[in-house]
Amino acid sequence: MTREKETTLYLGPQHPGITGNMMIKLKVSGDTVVSAETHLGYLHRAFEKLIERRNWLQSFTILCRFCVPEPDPIELSYALAVEKLEGRAVPERADYIRTIVAELARIQSFLLWYGGQSGSGGLYTLGQWSVGDRNYILDLFEDLTGARIYHMFMWPGGVRRDLPEGWVDKAYRTMDYLEKRLDDYNKLLFDNAIFQKRAQGVGIIPKDKALEWGVVGPPLRGTGIKHDVRIDEPYAAYDKIDFEVPTYEGGDVWARALVRRDEIKQSINIIRQALDNMPGGSYYNRIPNPMKWTVPAGNAWAKTESVRGEIGFYLVSDGSNKPRRAHLRGAAYAHGISVLEKILPGENIADVSFILNSLGVCPPEMER
Amino acid sequence: MSILNLKGILTPLTALKQMGKEPHTINFPDEQKNISKIYRGFHHNDLDLCIGCGNCETICMNDAIDMISLAEIAGEPGDSGLRPRIDYGRCCYCALCVDVCPSGSLNMTSEFMKVTPDPYDFLMTPGKDNPEAVDKLSFTADMDTSLNLFDRVPMRELDPEERVKSFAEVFLGYNEEEARIEANRCISCGLCTENCPVHMHIPEYINAIANADDEAAIKIIYDNNDLPEMCGKVCTRRCEDVCALQVRGEAVAIRWLKGYATTRAENAEMIAEIVKPEVREPNQYKVGIIGAGPAGLTAGYYLALKGYDITIYEAQKDPGGMIMYGIPKYRLPYDSIQKQVDYMKKMGVKIHFNTKVGKDISFNEIYDNSDAVFMGIGLQDAWSLGIQDEDAEGVWSAVEFLGKANAGETPDIGKRVVVVGGGDVSIDCSRVSKRFGADVFQSYRRRIQDMPADPEEIEGAEQEHIHIMPQTIPTRVIKDEKGHVKGMEYLKAEMVSEGGGRPRPVAIEGSETIIECDAIIAAIGQKANYELLPKEIADKLEMVKDKIKVNEDRLTSIPKLFAGGDAVKFGNSDAISAIADGYAATKAIDKMLMGK
Amino acid sequence: MDLIHNLKEVFEIDAKIKNDFQIEVEAKKELVSSILLYLKNQHGFIHLDHMSCVDWIEDEVFELVYIVWNPNTKKTVLLHTKIDRNKPEMENIDTIWDQANTYEREFREMYGIEFPGLVAEREFILEGWTEMPPMRRDFDTKKYAEETYATRPGRENAEDVREKIIKRTGEEIPDFAKKYSRD
């Protein structure tokens, strides 16, 4: 066999297969990727710098914009970090509401992922369904927070508004509906020969390297390693809720997809439990006047579990009314650069988008 | 996996069964989406309710909100006259502006669509440009969800049973923690400064307190108020009437916060150390000041800082005028006044006590030897009740009664006292009488809610079991054979509203009632005594009714004679207005003499 | 706790318990890579969770933070170190964890910290950037934005609430009070 010439290909920033404003410089030989390099810089909005100019509450309007598909865990991580710095207590009811919001956020993000994962594999029907169904979750968000995507809802001390009348029933109904739909999804995706063929054995993350490489979330659990922030360092009401953390062996796109499939069921289960056991009382432990609210000097590290993996916030206060430093650790920071660059070589060009989607690469988390 | 995965090919085809189902989508615009009850769409502002505090502008992290003047809104104390305008090219619909709006005028609506051919057409003044949206309010912040802190930190006070036993201060003052929390509530809009006669820098000193910088607060406070500790205890605090938070909640306790900060400086030396005012080189000008009340002291202090040679002539043996002799010690202790005056003396204010102008020194001597004269003589004489037999023994005027009490004497008022009046002075008389062990009845012509006295003082009086008799009109004093009071006859009154004004009390015929008492204290107001003025001056001095006419500079109709305090017709008759008079006169005198 | 004891024993540094899951320790910059290796190889902290940098401009130092996690004990260690802000240089640790390369590359670009031996393109997020590294505290984002971008017309008639009232009352705010005015 003659050695084929290497060609450089640029995937993105404008490409339907890319997961956001980023570019992957691929060196290919024939259809095979020889090396990959992630290039950023297409959307740098200096969020972390801007947060240093905002007071503790104003930051929330920026936080949710770090990652469009899943803003809530970022808000929550930040709120948890502020609460650690301040020692601010959160009422039990707020913890349960936070749990529900965080899980709804996970479900809607999973549904969006269904679209991305199947679409990048050429299966467009499922994407239409799941994004349509996702809107029922957004309806719940709209009723609860007043907005569909950017909620600015989980503030230090609790949540911004109490559950509105009738919301709990609507949430139950939506969960029942979604649960039924999951069967349809399975038939379309997991039972699908095309998906099976394309996902199995592709984009493998080796189990023995995963932790060292900084892999988190479903990609980590897809290598058979059971790690989930909700269990390991429980926050909100997760320690009072009974749920399973699914894992699959293999480390390929297929295993990651199975993990996500099972996690939606767990999320529905968690939401139901939280709705069943919703405690009464206050939803909010009032913060001082937001313009004069100072947070004691110190640093805090808080993390939550998002669909893409753990979202951490390293937050530093110098005792003033603004954060000294707010540094987000998004799952994609490792997934989208160093991990991606390691696993792409040897893959087929057509699978690059497919793998990107399975890792949940979200560029705004990488260049903040 | 087999080469031909039949199941994997056929199962997805079950999707076809979805074809006959209802779609998720709606047929816009024929159908409308159900919008959340708290949707965060375009804003609406109730322009009448809005007070233009600008808190929305301050919290907006996108700089999307501007405060602008609207032709139809003039502005008045408690309303800046400005209204928010929003740049929807910047707004991110976070609704923080709604959550921090103290009046609750700014809300969001369920409207979210705007189509315009003009790319610069992003500016909207909510409420003005979309008045119809008032019917579509969605995201609002009520008392519970608002981020404003509407509840004041309560002031600790002595137990009513305990406090009537002595003249100990009733209000205990904020401690550090309470002051920080209370100061934190302030939104720093500055609306309050307009209603303060002196225009103290209120948001600045409250911010300093909130920032745990009490010394800066003290320095800022002393910038234009030389008796702030007094104001921190007994000011009429009209600033609080226009506080942005009082629209829906309780005003920031501006008075108590000032009291907190100023009492941190425990003595005159500490005040001097902290305030360290800028003192000008002495100049050759002399200013004579008549009366060491709040007006005279203020003029004296600020002129002394500007390098003038200041001498104050005071008839009494102690400084302070009405705040020394008129305000009871349980509200304003002697030491507090003395401390502030000591500080002023350190700054170069000379005071001649026991020097009655017109008797110990002539007015002309002061006038002729000074480059300017400031007169803050106050209201010395009481209005009489104008009823039969009020010359009986045991009928007191408030000035006389409080003067004696504050001088440390025990006025002989017996066991049952009737106080006539409804202002702060009358409440003072009642509560002082109570402290002398008397059973006190307070007669007032109108209803309790009409009383001009500070509601906190009325409440304090009620706690101390002072019997307020509203809608009673005294008609005659009843005296015994020795000419001593033994009771008072009064008529009951009903309130009659005529032509929109406030209801007027009208005596009910035949309702004569007699209340037995050992003393009657008339606290229905005071008037000035101009005996100190020589005739040629008195004749030339222009008056408004019985008060001295002054212009903005507090200059009278006599050259280089300035006046202030209760005796002039300018602003209200309270200590803070007197301070404002003294402060304004200082500037005018400085301008007149130094040309700056 | 063993770890705290061992760190004291081996490196003579005092670690303290931050909360149920976290241990915090500060060390001289020369010790950082040895401590990280020790934590990774001897104590099972195989997962580099995060690296961060804080600009303490007033102390003329950058603070670097290494956050490592142990998947067995579920414990996290936060390792802080301070480096001279005037000559910011730090040891490259991408041989210990490969993904540290990305962090170091970002800190080099955003804070101007050099990591000798770091192999990575210099441009990472910024392109054609000639100003000072932008995450430094003395880089004024607002000023830069105002100088670089035009503002849209139509908002010139904005007024300030406090100024408006001052205009009506004639209040004169002394300079020493102004720092406490609303901004």
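Keep in mind that this is a model prediction, so the values were computed, not measured.
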*Asks:* First locate atom CH2 of Trp129(A), then atom NE2 of His24(B), and finally report the distance between them rounded to the nearest 0.5 Å.
*Replies:* 9.0 Å
*Asks:* Crowded around Glu31(B) CD? As in, over 12 foreign heavy atoms under 6.0 Å?
*Replies:* yes
*Asks:* What residue, out of Asn135(A), Thr125(A), Asp184(A), has the most heavy-atom pairs lying under 4.5 Å from chain B?
*Replies:* Asp184(A)
*Asks:* Heavy-atom cut-off 4.5 Å, strictly under: side chain, backbone, both or neither for Trp167(A) against chain B?
*Replies:* neither
*Asks:* Once salt bridge (charged side-chain N to carboxylate O under 4.0 Å, His left out) is applied, what residue pairs with a partner in residues 123-136 of chain A remain, sequence neighbours excluded?
*Replies:* Asp133(A)-Arg181(A)
*Asks:* State, yes or no, whether a side-chain contact exists between Arg40(B) and Arg148(A) at a heavy-atom distance under 4.5 Å.
*Replies:* no
*Asks:* Does any non-hydrogen side-chain atom of Leu147(B) lie less than 4.5 Å from one of Leu57(A)?
*Replies:* yes
*Asks:* Given that the side chain runs from C-beta out, which part of Leu13(B) has a heavy atom under 4.5 Å from chain A: side chain, backbone, both or neither?
*Replies:* neither
*Asks:* Within this structure, what is the OG1-CD distance for the pair Thr58(B) and Gln58(A), rounded to the nearest 0.5 Å?
*Replies:* 9.0 Å
*Asks:* Under a 3.5 Å distance rule, please check whether Lys7(B) uses its side chain to pair with a backbone N or O of Asn192(A) as donor and acceptor.
*Replies:* no
*Asks:* Highest number of heavy-atom pairs under 4.5 Å with chain A: which of Met108(B), Arg185(B), Gln18(B), Lys37(B)?
*Replies:* Gln18(B)
*Asks:* Do the charged groups of Asp99(B) and Arg161(A) touch, with an N to O distance under 4.0 Å?
*Replies:* yes
*Asks:* Quick check on the structure: residues of residues 60-70 of chain A within a heavy-atom distance below 4.5 Å of chain B, by number.
*Replies:* Thr61(A), Ile62(A), Arg65(A)
*Asks:* Is any side-chain heavy atom of Ile35(B) closer than 4.5 Å to one of Glu142(A)?
*Replies:* yes
*Asks:* Within this structure, what is the OG1-CD1 distance for the pair Thr145(A) and Ile38(B), rounded to the nearest 0.5 Å?
*Replies:* 6.0 Å
*Asks:* How long is the straight-line distance from NZ of Lys197(A) back to CG of Asn5(B), given to the nearest 0.5 Å?
*Replies:* 10.0 Å
*Asks:* Taking all non-hydrogen atoms of both residues, which atom of Gly146(A) and which atom of Ser36(B) are closest, and how far apart?
*Replies:* CA-OG, 4.5 Å
*Asks:* Scan residues 280-291 of chain A for pairs that pass salt bridge (charged side-chain N to carboxylate O under 4.0 Å, His left out), counting only residues two or more places apart or in two chains.
*Replies:* none
*Asks:* How far does CD1 of Ile9(B) sit from CD1 of Ile194(A), to the nearest 0.5 angstrom?
*Replies:* 8.0 Å
*Asks:* Find the one option among Asn34(B), Ile59(B), Asp144(B) whose heavy-atom pairs under 4.5 Å with chain A are most numerous.
*Replies:* Ile59(B)
*Asks:* Rounded to the nearest 0.5 Å, how far does CG of Asp139(A) lie from NZ of Lys33(B)?
*Replies:* 5.0 Å
*Asks:* So what's closer than 4.5 Å to chain A heavy atoms on Ala210(B): side chain, backbone, both or neither?
*Replies:* side chain
*Asks:* Should we count CD of Glu250(B) as having more than 12 external heavy atoms under 6.0 Å?
*Replies:* yes
*Asks:* Checking heavy atoms, do the side chain of Ala183(B), its backbone, both or neither come under 4.5 Å from chain A?
*Replies:* backbone
*Asks:* More than 12 heavy atoms of other residues, nucleotides or ligands under 6.0 Å from CD of Glu132(B): yes or no?
*Replies:* yes
*Asks:* Do any of residues 253-261 of chain B have a heavy atom less than 4.5 Å from a heavy atom of chain A, and if so, which, in residue order?
*Replies:* none
*Asks:* Go through the atoms of Asn148(B) and report whether side chain, backbone, both or neither lie under 4.5 Å from a heavy atom of chain A.
*Replies:* backbone
*Asks:* What part of Leu144(A) is in contact with chain B, defined as an atom under 4.5 angstrom from a non-hydrogen atom: side chain, backbone, both or neither?
*Replies:* backbone
*Asks:* Output yes when a side-chain donor or acceptor of Asn289(A) lies under 3.5 Å from a complementary backbone atom of Cys186(B), and no otherwise.
*Replies:* yes
*Asks:* What part of Phe139(B) is in contact with chain A, defined as an atom under 4.5 angstrom from a non-hydrogen atom: side chain, backbone, both or neither?
*Replies:* side chain
*Asks:* With a 4.5 Å cut-off on heavy-atom pairs, point out which of Phe190(A), Tyr150(A), Tyr283(A), Phe195(A) contacts chain B the most.
*Replies:* Tyr283(A)
*Asks:* Checking Tyr284(A) against chain B: side chain, backbone, both or neither under 4.5 Å from a heavy atom?
*Replies:* side chain
*Asks:* Among side-chain atoms of Lys292(A) and Asn211(B), is any donor-acceptor pair under 3.5 angstrom?
*Replies:* no
